[in-house]
J.: 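Before I ask anything, here is the structure I am working with.
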Protein chains: 2
Amino acid sequence: MKSEGEFGATAYTMLGLLSIRPMSGYDMRQMVGESIGHFWSESYGQIYPALKKMAEAGLVEKKTESSEGRPDRHVYTLTGAGRQRLEGWLEIPVKRGVVRNELLLKLFFGANAGAGVNAGHLRAFLEAEERLARVFAGIAAQLTKERKSDPQLPFWLITLSRGRHDALASIAWAKETLAVLDGLDAGGPVTQNEGQRKREEDGHGA
Amino acid sequence: MKSEGEFGATAYTMLGLLSIRPMSGYDMRQMVGESIGHFWSESYGQIYPALKKMAEAGLVEKKTESSEGRPDRHVYTLTGAGRQRLEGWLEIPVKRGVVRNELLLKLFFGANAGAGVNAGHLRAFLEAEERLARVFAGIAAQLTKERKSDPQLPFWLITLSRGRHDALASIAWAKETLAVLDGLDAGGPVTQNEGQRKREEDGHGA
DNA sequence: GGGTGCATGTAATGGGTTACATGATTCT
DNA sequence: AGAATCATGTAACCCATTACATGCACCC
């Protein structure tokens with residue numbers, strides 16, 4: 001079952017990146033890591049073959065730039081056909097992919113874990129999310145300054161905003177859950193629900 | 001590079017499920033769909049071979065139950081060795097898996113989309129998350145009643161709570177973002193950041 | 001001399017879903 | 001009559017990461 005004809009999400013990612021500016025496969029890998037790495041990933045093993053196929057199909061155009069002393073760059077440009085394909089793909093409703101969250105899996109089976117194990121995972125997670133939240137805040141601030149007039153800026157901020165909302169929700173949940181685990185150890189049949197109900201009211205007031 | 005010796009996450013999921021009660025592969029698939037489907041997935045094509053391998057390794061024990069008129073059930077039980085393996089796995093720090101969020105990808109390239117396309121995706125997402133939030137609330141309520149004394153209940157509620165936090169954060173972000181998109185159409189260089197800062201203070205107050 | 005960055009590509013490997021094969025029973 | 005549920009299992013396929021192969025230049 002093929003969802004979008006002969007090209008998959010990787011190919012459309014490449015088209016999208018080329019809509020920003022002409023690039024080489026190497027550049028794309030860099031951008032995936034730096035700019036969209038928080039919600040997307042691509043590896044060379046996907047990128048290069050995809051580029052080849054798309055060049056054959058006329059969606060991108062390849063030009064070789066030689067500079068002395070280092071490898072040739074194969075710079076790709078978006079063609080008219082390529083841009084059309086991209087626009088078409090953007091319209092296709094998003095089907096949510098399968099989630100696989102190992103932290104939640106381990107917590108689900110947490111009754112089998114030794115003392116402190118669950119809390120340990122949660123603390124590590126909490127720290128990571130707090131770091132992430134700061135990173136997002138930093139990038140947003142920097143981007144807002146440096147790219148003030150870029151027409152794509154608002155869309156980049158949207159994805160960053162999502163990252164922040166997520167991180168903050170994760171932080172709140174992790175703290176709450178650590179408290180619940182504390183209560184379990186102490187003995188009382190404690191209170192996952194009070195925390196939840198309070199949050200829910202907050203959320204609906206948005 | 002193998003992370004956990006010869007068994008992957010699928011196998012440990014099976015061990016975890018068997019820690020709840022003896023089950024057949026079919027039962028496991030059901031449970032994955034119903035109970036942990038919001039953060040995990042497994043298919044028959046993974047489950048049956050994994051079970052076979054683990055039986056050979058002595059981590060689970062297989063008993064065949066025959067009932068007339070319908071297929072045999074191969075019911076598996078956790079062995080001592082299996083339980084030990086599970087406990088060991090639970091202690092291993094969680095490495096966060098790669099994320100691939102197609103909605104965010106499309107929004108990132110949203111400047112290339114026709115009028116209303118981005119907002120359309122967001123509204124669909126918003127609805128889905130609102131439905132989800134209600135589902136989580138329902139399950140939590142039901143579970144709290146019906147499994148009042150189950151020692152694993154708190155851990156199930158923890159994963160549900162995570163789902164709720166996530167859904168509520170998604171809802172808030174989606175609403176905010178729809179407003180931002182509205183602003184873009186209207187013309188003003190509007191305000192992703194005011195919304196974000198307000199949320200952030202709320203979050204830190206938890 | 002050895003790591004890192006630049007730069008392209010292929011092959012091996014792994015993890016996962018879907019489709020297929022089989023077959024009785026029960027619900028619509 | 002036809003679909004869905006129960007139940008197990010294999011084979012084909014797809015998508016993706018990692019390792020490998022190559023090679024120059026620059027910095028420590």
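Convention: sequence-line order gives letters A, B, ...; per-chain numbering from 1.
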J.: What's the CE-P distance between A:M23 and C:dA7, to the nearest Å?
T.: 14 Å

J.: If the condition is ring pair (Phe, Tyr, Trp, His ring centres under 6.0 Å), which residues does B:Y48 pass it with, not counting sequence neighbours?
T.: B:Y44

J.: What is the separation between atom CD1 on B:I47 and atom P on C:dG15, rounded to the nearest whole Å?
T.: 16 Å

J.: Give me each pair satisfying side chain to side chain donor-acceptor pair (under 3.5 Å) with a member in residues 109-126 of chain B, each pair once, sequence neighbours excluded.
T.: A:S19-B:N112, A:R83-B:N112

J.: Please write out each protein N/O paired with an N/O of nucleotides 6-10 of chain D under 3.5 Å, distance rounded to 0.1 Å.
T.:
residue, atom, partner, partner atom, Å
D:dC6, OP2, B:Y26, OH, 2.8
D:dA7, OP2, B:R73, NH1, 3.4
D:dA7, O3', B:D72, O, 3.4
D:dT8, OP1, B:H74, N, 2.8
D:dT8, OP2, B:Y26, N, 2.9
D:dT8, OP2, B:Y48, OH, 3.0
D:dT8, O5', B:Y48, OH, 3.4
D:dG9, OP1, B:H74, ND1, 3.2
D:dT10, OP1, B:K52, NZ, 3.4

J.: List for me each residue that meets side chain to side chain donor-acceptor pair (under 3.5 Å) alongside A:D72, sequence neighbours excluded, and say none if there are none.
T.: A:S66

J.: Between C:dT17 and B:S41, is there an OP1 or OP2 to side-chain N/O distance shorter than 4.0 Å?
T.: yes

J.: Could you work out, with side chain to side chain donor-acceptor pair (under 3.5 Å) as the rule, every residue matching A:W156, not counting sequence neighbours?
T.: none

J.: Report the distance from atom CH2 of B:W40 to atom P of C:dG15, rounded to the nearest whole Å.
T.: 12 Å

J.: How many Å lie between CD on B:E102 and P on D:dC15, as a whole number?
T.: 12 Å

J.: Rounded to the nearest 0.5 Å, what separation is found between the CZ atom of A:R73 and the OG1 atom of A:T64?
T.: 11.0 Å

J.: To the nearest angstrom, how far is B:E34 atom CD from D:dT5 atom P?
T.: 12 Å

J.: Without decimals, in angstroms, what is the distance between B:Q46 CD and C:dA19 P?
T.: 16 Å

J.: To the nearest Å, give me how far apart CG (A:L51) and P (C:dT8) are.
T.: 9 Å

J.: Going by atom type alone, with no hydrogens or angles, which donor-acceptor pairs under 3.5 Å involve a side-chain atom of residues 29-40 of chain B and a protein atom two or more places apart or on another chain?
T.:
residue, atom, partner, partner atom, Å
B:R29, NE, B:E42, O, 2.9
B:W40, NE1, B:T13, OG1, 3.3
B:W40, NE1, B:E42, OE2, 2.8

